[in-house]
Trainee: 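Got a structure for you, questions after.
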Protein chains: 2
Amino acid sequence: MDVTALLMRKLNMRRELSSAACEALAATASTQSEVAAGSILVRDGNDPTPVCSLLIEGLAIRYKITSGGNRQIVAVETPGDFLDLQHLFLKVADHSVEALTPLRVVKIDRAHLRTLALEYPEIGEALWTEALIEASIMREWLANVGRREGRMRIAHLLCELARREEAIGMARRDTLILPLTQEQIGDITGLTAIHVNRMLKALVADGLIEQSGRQILIRDREGLAAAGDFNPRYLHLDQVSAIA
Amino acid sequence: MDVTALLMRKLNMRRELSSAACEALAATASTQSEVAAGSILVRDGNDPTPVCSLLIEGLAIRYKITSGGNRQIVAVETPGDFLDLQHLFLKVADHSVEALTPLRVVKIDRAHLRTLALEYPEIGEALWTEALIEASIMREWLANVGRREGRMRIAHLLCELARREEAIGMARRDTLILPLTQEQIGDITGLTAIHVNRMLKALVADGLIEQSGRQILIRDREGLAAAGDFNPRYLHLDQVSAIA
DNA sequence: CGTACCCTTGAAAAAAATCAACTTAAGTGG
DNA sequence: CCACTTAAGTTGATTTTTTTCAAGGGTACG
């Protein structure tokens, strides 16, 4: 799809864009580019990169490393998310962003995106909403890691990712594409890879899910939601606009 | 101080305000109002309240409750913070906001604040920055709870609050006003009150802090920062504007 | 056909939660 | 001002959860 059209679709969902905003957007779009899996797009402690991107395909993570060398993943980005809206107005990156899989993105000049956010109310509202929903997800993760135990944390994560993938048309209902190692699942949930392994097995043993490679089949949707104390309200899905 | 002057001071720090923006701000400000300790300002699941506030005095917390009845505090707000910027563009509140102490606030109509954020680039930038810094703090908390152990989590929290209080002129360097019960500290750090108690005692025993009622004296600033793996970068202090 | 990298499993150790008293401090109303 | 009440802090013993350590097993890929 045309790059401008993608941006339009992403930003147009909540409000009609003025013609001025449309022109500004058209002036923004370059072409799509590819990013290799494992690439680090933003590095903690550095200036945020001069380019922001709209993620079109693939998964990216945002994370922090503690002095002990432990990693905490603070967000998973799916297609349709803006990479690094979180640093849009900050001078120093406080965490890193990495491509988990090969990505396809639309690069946007960061200074230009700031201008779009400030000068065009329709675009500003869309970007605000995006950023606030990402913060909302982080709050839920904080509650998940801080106040639920292992099994529940993982069940919750699976529910969230399944719902998000469903919302953007990435996976079918009750199917979850999970290109994460068990170590990475641990880095999201604050557990060790070994414990993640055991808890996943427990969920399988309880008939809630089924594993087949990097895909998960949700056998008991209700049960998994209950096991994970999952309520999708925090995803604010009615305010999310898909690009697909 | 005059309410308009407070708002000006808060929003003016990063950019010169245009006269139009100044007028819009002047039209915003009502009077200061008081909020009793324990009042719930925003309730999870409800519409976010029609009023947003600039916190002038006192402390407020934002929190979520899990199905097990456990509470996770996701933010502590200090004077100079906007209460509930996080819900500014969201339709449903995904967490609650509560006054921890008696508060003094300047109420701002939520719809009006949205307009200010979108129509006046100087104000928009200030509010964006505020919201993004709050998200940055949440990321650090997530890493704290997910990837550090008890003693470290608490040391980290003490360092953060001390630094933030110092930045806004609320407490002197090496002194920390901590109007939190040990249970509330646990709700921030993902620990039980009992464990918080033991870890605090450990920090005292190690000569890092001294307790005197609801105040804490930091005896060894460097040592506490090391014990808490604390690096203030994520606070983006150079981008924060104080009202005091 | 190695060689990574990931997954799996068991046993032991550590961290944190739970359970159960008990102490201190801070009001409140007589 | 004192007895009473309630919330918060303290401490020890026990249990649960999670991590750590250790060792195999599977699989993809050059």
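Just so you know, these numbers come straight off a predicted model, no measurement behind them.
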Trainee: How would you list all residue pairs meeting salt bridge (charged side-chain N to carboxylate O under 4.0 Å, His left out) that involve residues 61-78 of chain A, not counting sequence neighbours?
Mentor: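 Pairs touching residues 61-78 of chain A that pass the test: Arg62(A)-Glu77(A), Arg62(A)-Asp84(A), Arg62(A)-Glu134(A), Lys64(A)-Glu140(B), Arg71(A)-Glu98(A), Arg71(A)-Asp187(A).
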Trainee: Pick out the pairs of N or O atoms, protein on one side and nucleotides 22-29 of chain C on the other, that lie under 3.5 Å.
Mentor:
none

Trainee: Would Asp81(A) and Arg164(A) satisfy salt bridge (charged side-chain N to carboxylate O under 4.0 Å, His left out), going step by step from the backbone distance to the final call?
Mentor: CA-CA 11 Å; Asp81(A) 292 337; Arg164(A) 287 172 61 190; 3.6 Å; yes
Trainee: Starting from the first five and the last five pairs of the helix from dC7(C)-dG24(D) to dG30(C)-dC1(D), work out the angle between the resulting helix axes, to 10 degrees.
Mentor: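 End-to-end axis angle for the helix from dC7(C)-dG24(D) to dG30(C)-dC1(D): 40°, rounded to 10°.
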Trainee: When the distance from CG of Leu180(A) to P of dC6(C) is rounded to whole Å, what number comes out?
Mentor: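 Distance, rounded to whole Å: 12 Å.
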Trainee: For a quick check, with a 4.0 angstrom heavy-atom cut-off, what is the B/S/- contact string for nucleotides 13-25 of chain D, read 5' to 3'?
Mentor: B---SSBBBB---
Trainee: Show me the pairs that pass side-chain hydrogen bond (donor to acceptor under 3.5 Å, both in side chains) and involve residues 198-214 of chain B, at least two apart or across chains.
Mentor: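 Residue pairs with at least one partner in residues 198-214 of chain B: Arg151(B)-Asp206(B), Glu210(B)-Arg219(B).
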Trainee: Name every donor-acceptor pair, under 3.5 Å, that has one atom in a side chain of residues 167-176 of chain B and the other anywhere in the protein, sequence neighbours excluded.
Mentor:
residue   : atom : partner   : partner atom : Å
Asp174(B) : OD1  : Arg221(B) : NH1          : 2.8

Trainee: Any side-chain N or O of Asn197(B) below 4.0 angstrom from OP1/OP2 of dG9(D)?
Mentor: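 Indeed not, no polar side-chain atom of Asn197(B) lies that close.
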Trainee: Write out all pairs satisfying ring pair (Phe, Tyr, Trp, His ring centres under 6.0 Å) with one or both partners inside residues 133-174 of chain A, taking only residues at least two apart or from two chains.
Mentor: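 Those involving residues 133-174 of chain A are His156(A)-Phe230(A), His156(A)-Tyr234(A).
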Trainee: Check the distance between dC7(C)'s C1' and Glu183(A)'s CD and give it to me in whole angstrom.
Mentor: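 So the CD-C1' distance, Glu183(A) to dC7(C), works out to 12 Å.
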Trainee: Mind checking the CD1-CD1 spacing from Ile73(A) to Ile188(A)? Nearest 0.5 Å is all I need.
Mentor: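 Between atom CD1 of Ile73(A) and atom CD1 of Ile188(A) there are 4.5 Å.
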Trainee: Distance check needed: dA17(C) P versus Asp187(B) CG, whole Å only.
Mentor: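 In whole Å, dA17(C) P and Asp187(B) CG are 11 Å from each other.
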Trainee: Please determine if Asp47(B) and Arg110(B) form a salt bridge, counting it only when a charged side-chain N lies under 4.0 Å from a carboxylate O.
Mentor: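 Arg110(B) and Asp47(B): not salt-bridged.
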Trainee: Please tell me if the side chains of Leu41(A) and Thr49(A) come closer than 4.5 Å, counting only heavy atoms from C-beta onward.
Mentor: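 They are not in contact (no side-chain heavy atoms under 4.5 Å apart), so the answer is no.
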Trainee: Any ring pair (Phe, Tyr, Trp, His ring centres under 6.0 Å) involving residues 176-213 of chain B? Give me the pairs, sequence neighbours left out, ordered by first then second residue.
Mentor: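 The answer is none; no pair qualifies.
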Trainee: To the nearest 0.5 Å, what is the distance between CG on Leu142(A) and CG on Asn144(B)?
Mentor: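 Here the interatomic distance stands at 9.5 Å.
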Trainee: Looking at residues at least two apart in the chain, or sitting in another chain, which of them share a side-chain hydrogen bond (donor to acceptor under 3.5 Å, both in side chains) with Gln72(B)?
Mentor: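 Expected list: none.
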Trainee: Please report, rounded to the nearest Å, how far the C1' atom of dC6(C) is from the CD atom of Gln182(A).
Mentor: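 From Gln182(A) CD to dC6(C) C1': 8 Å.
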Trainee: By salt bridge (Lys or Arg N to Asp or Glu O under 4.0 Å), which residues pair with Arg104(A), not counting sequence neighbours?
Mentor: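 If we apply the salt bridge (Lys or Arg N to Asp or Glu O under 4.0 Å) test to Arg104(A), skipping adjacent residues, the hits are Glu57(A).
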Trainee: Once salt bridge (charged side-chain N to carboxylate O under 4.0 Å, His left out) is applied, what residue pairs with a partner in residues 234-244 of chain B remain, sequence neighbours excluded?
Mentor: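 Residue pairs passing salt bridge (charged side-chain N to carboxylate O under 4.0 Å, His left out), neighbours aside: Lys91(A)-Asp238(B).
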Trainee: Can you sort out which residues in residues 60-75 of chain A have a heavy atom within less than 4.0 Å of DNA chain D? Ascending by number, please.
Mentor: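 Residues of residues 60-75 of chain A under 4.0 Å from DNA chain D: none.
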Trainee: In whole Å, I'd like the distance from the CG atom of Leu100(B) to the P atom of dA8(D).
Mentor: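 Whole-Å distance recorded here is 11 Å.
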